[in-house]
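Inspection log for the structure reproduced underneath, given as structure tokens.
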Amino acid sequence: MRTQIGIIGAGPAGLLLSHLLHLRGIDSVVLESRTREQIESTIRAGVLEQGTMDLLTEAGVGARMKAEGALHHGFELAFEGKRRRIDLTGLTGHSITVYAQHEVIKDLVAARIAAGGALRFGVSETSLHDIETDSPSIRYRHEGEACELQCDFVIGCDGSQGVSRASIPQALRKDFERVYPFGWFGILCEGPPSSEELIYARHERGFALISTRSRNVQRMYFQCDPKDSVDHWSDDRIWAELHARVDSHDGQKLVDGKIFQKNIVGMRSFVSATMQHGRLFLAGDAAHIVPPTGAKGMNLAVADVRVLTRALKAFYVENRTDLLDSYSETALKRIWRAEHFSYWMTSMMHRIEGASPFEQQLQVAELEYVTTSRAAATVMAENYVGVAAV
Ligand code: DHB
């Protein structure tokens with residue numbers, strides 16, 4: 001089989017790229033190792049930057065996001081018994097939407113299928129060939145058959161464990177990594193929101209985050225040992241921990257509810273530079289990972305796709321290769337900004353094992369500054385909404 005763009009991975013990056021290319025008259029095939037049910041039910045973060053909302057809307061998949069997502073104009077930082085608001089809209093003129101990543105996936109899959117897009121689920125043994133030539137190919141197994149997809153370009157959107165990044169010779173690539181000694185315990189529970197806006201709380205027992213999904217479903221997280229197991233955490237123990245970390249602030253009391261989903265995620269910062277080699281280009285988690293604080297992961301994937309779509313269109317419509325040549329350099333500017341922001345927010349909000357009393361006071365001093373200086377609050381806000389200079 002032949003197509004113009006072979007895309008590995010049906011996450012937000014792969015699906016959105018495929019759909020935007022389709023709208024520009026460029027053909028693609030998306031190969032995914034998991035099933036449709038699996039990709040549509042994997043629970044991830046839920047904060048969409050303005051630029052992400054704009055691109056989803058432009059792609060024609062923004063209707064449900066607008067109807068069911070919640071527009072937030074600020075969030076709260078809680079520390080030392082205080083709660084202070086970061087006025088996103090007042091400081092930047094922009095806001096964010098809380099809408100779960102797997103809902104974005106459902107909208108994109110539906111749009112690809114409605115447009116007759118080629119989407120293969122459950123593929124295995126995927127390998128890349130001839131990426132240094134003008135006619136690369138992807139070999140894979142699908143429904144028991146060995147298949148080959150010939151294409152003009154291969155786009156690796158297959159996450160940090162996928163085959164794509166490993167196809168760029170290590171000698172041409174530099175990996176930058178930081179592993180954090182803590183993780184996040186995430187829950188979904190039934191009940192009304194405990195707060196109108198998201199609360200990021202720094203507490204001596206560890207970080208906690210109060211987020212939402214709808215009027216009846218809430219999303220909450222608390223810092224934990226990444227090697228811990230959800231089986232060690234009864235509902236009562238989870239609520240006791242969340243109450244201890246969040247309730248002390250300004251008489252705020254969380255509303256408990258039935259917990260129906262629990263998961264633990266580790267935390268890592270990672271960047272692969274370069275993000276391209278020959279006719280292979282990486283997008284999203286295949287090239288970079290951020291710790292979840294600030295929810296930049298999907299927004300970065302969408303930003304990569306924006307750059308890549310423009311570059312591929314310039315190639316096919318204007319016969320230009322300059323935007324493809326500079327893809328990695330262009331994308332990495334925004335990625336490093338978000339890497340710094342995610343690292344910064346993580347470092348300021350989490351309990352760091354072994355931190356001295358001096359270092360702990362520095363965290364508090366930074367939170368005081370960010371929540372009282374308009375200049376410092378603007379730094380936080382413009383990074384959070386995603387309109388910082390790059
Ligand atoms: C959510 C996740 C985040 O990492 C974050 O910073 C804010 C919200 C969420 O899942 O709702």
Side-chain angles (χ1 to χ4, degrees), residues 11-12 41-50 52-53 65 68-79 85-86 88 94-105 180 182-202 206-224 226 238 242 245-246 254 257 259-269 284-285 288-302 338-350 367 370 380-386:
S41 61
T42 304
I43 305 294
R44 304 290 285 273
V47 171
L48 310 186
E49 295 174 355
Q50 181 69 50
T52 301
M53 294 188 274
M65 169 189 79
E68 295 174 24
L71 205 58
H72 285 227
H73 299 290
F75 67 85
E76 300 205 22
L77 288 172
F79 60 103
R85 182 166 191 261
I86 299 290
L88 295 173
H94 294 270
S95 49
I96 54 107
T97 291
V98 178
Y99 186 63
Q101 179 169 322
H102 70 278
E103 301 295 345
V104 175
I105 296 277
Y180 301 83
F182 37 78
W184 276 14
F185 195 116
I187 62 161
L188 282 169
C189 66
E190 290 170 5
S194 291
S195 157
E196 279 307 306
E197 298 186 324
L198 270 56
I199 304 172
Y200 291 83
R202 176 195 180 274
F207 170 76
L209 167 59
I210 308 306
S211 182
T212 183
R213 284 293 175 266
S214 68
R215 294 316 296 172
N216 317 312
V217 174
Q218 309 312 318
R219 181 73 168 144
M220 303 182 192
Y221 302 91
F222 58 94
Q223 178 181 351
C224 69
I238 291 170
L242 280 166
R245 295 186 192 190
V246 181
L254 283 183
I259 297 172
F260 60 91
Q261 204 267 348
K262 304 176 187 177
N263 70 317
I264 291 178
V265 290
M267 292 171 65
R268 198 160 75 92
S269 299
D285 283 6
H288 43 78
I289 297 289
V290 286
T293 331
K296 289 292 168 211
M298 176 168 60
N299 293 295
L300 276 183
V302 168
E339 287 287 348
H340 174 262
F341 173 68
S342 306
Y343 154 84
W344 173 56
M345 215 173 155
T346 299
S347 309
M348 185 167 65
M349 302 300 303
H350 286 72
L367 279 161
V370 160
M380 167 63 86
E382 72 170 6
N383 278 277
Y384 196 87
V385 300

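In listed order, ligands and their atoms are each counted from 1. Predicted, not measured: the structure shown is a model, and the values here were computed from it.
Remark: N263 pairs with R219, Q261, V265 by the side-chain contact (heavy atoms from CB on, under 4.5 Å) rule, at least two apart or across chains. Considering only residues two or more places apart in sequence or on other chains, E196 meets the side-chain contact (heavy atoms from CB on, under 4.5 Å) condition with R215. Partners of F207 by ring-ring contact (aromatic ring centres under 6.0 Å, His included), not counting sequence neighbours, listed by chain and number: W184, H350.
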For ligand 1, list all ligand N or O to protein N or O distances below 3.5 Å, rounded to 0.1 Å.
unit_1	atom_1	unit_2	atom_2	d
ligand 1	4 (O)	P292	O	2.6
ligand 1	6 (O)	Y200	OH	2.6
ligand 1	6 (O)	G294	N	2.9
ligand 1	6 (O)	A295	N	3.3
ligand 1	10 (O)	G46	N	3.4
ligand 1	10 (O)	R213	NH2	2.7
ligand 1	10 (O)	Y221	OH	2.5
ligand 1	11 (O)	S211	OG	2.6
ligand 1	11 (O)	R213	NH1	2.8
ligand 1	11 (O)	R213	NH2	3.4

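Taking OG from S194 and CD1 from I199, the interatomic distance works out to 7.5 Å, rounded to the nearest 0.5 Å.
Nearest approach of T212 to V217, heavy atoms of both residues: OG1-O, 3.8 Å.
Looking at S269 and Y180, their side chains do bring a donor and an acceptor atom within 3.5 Å of each other.
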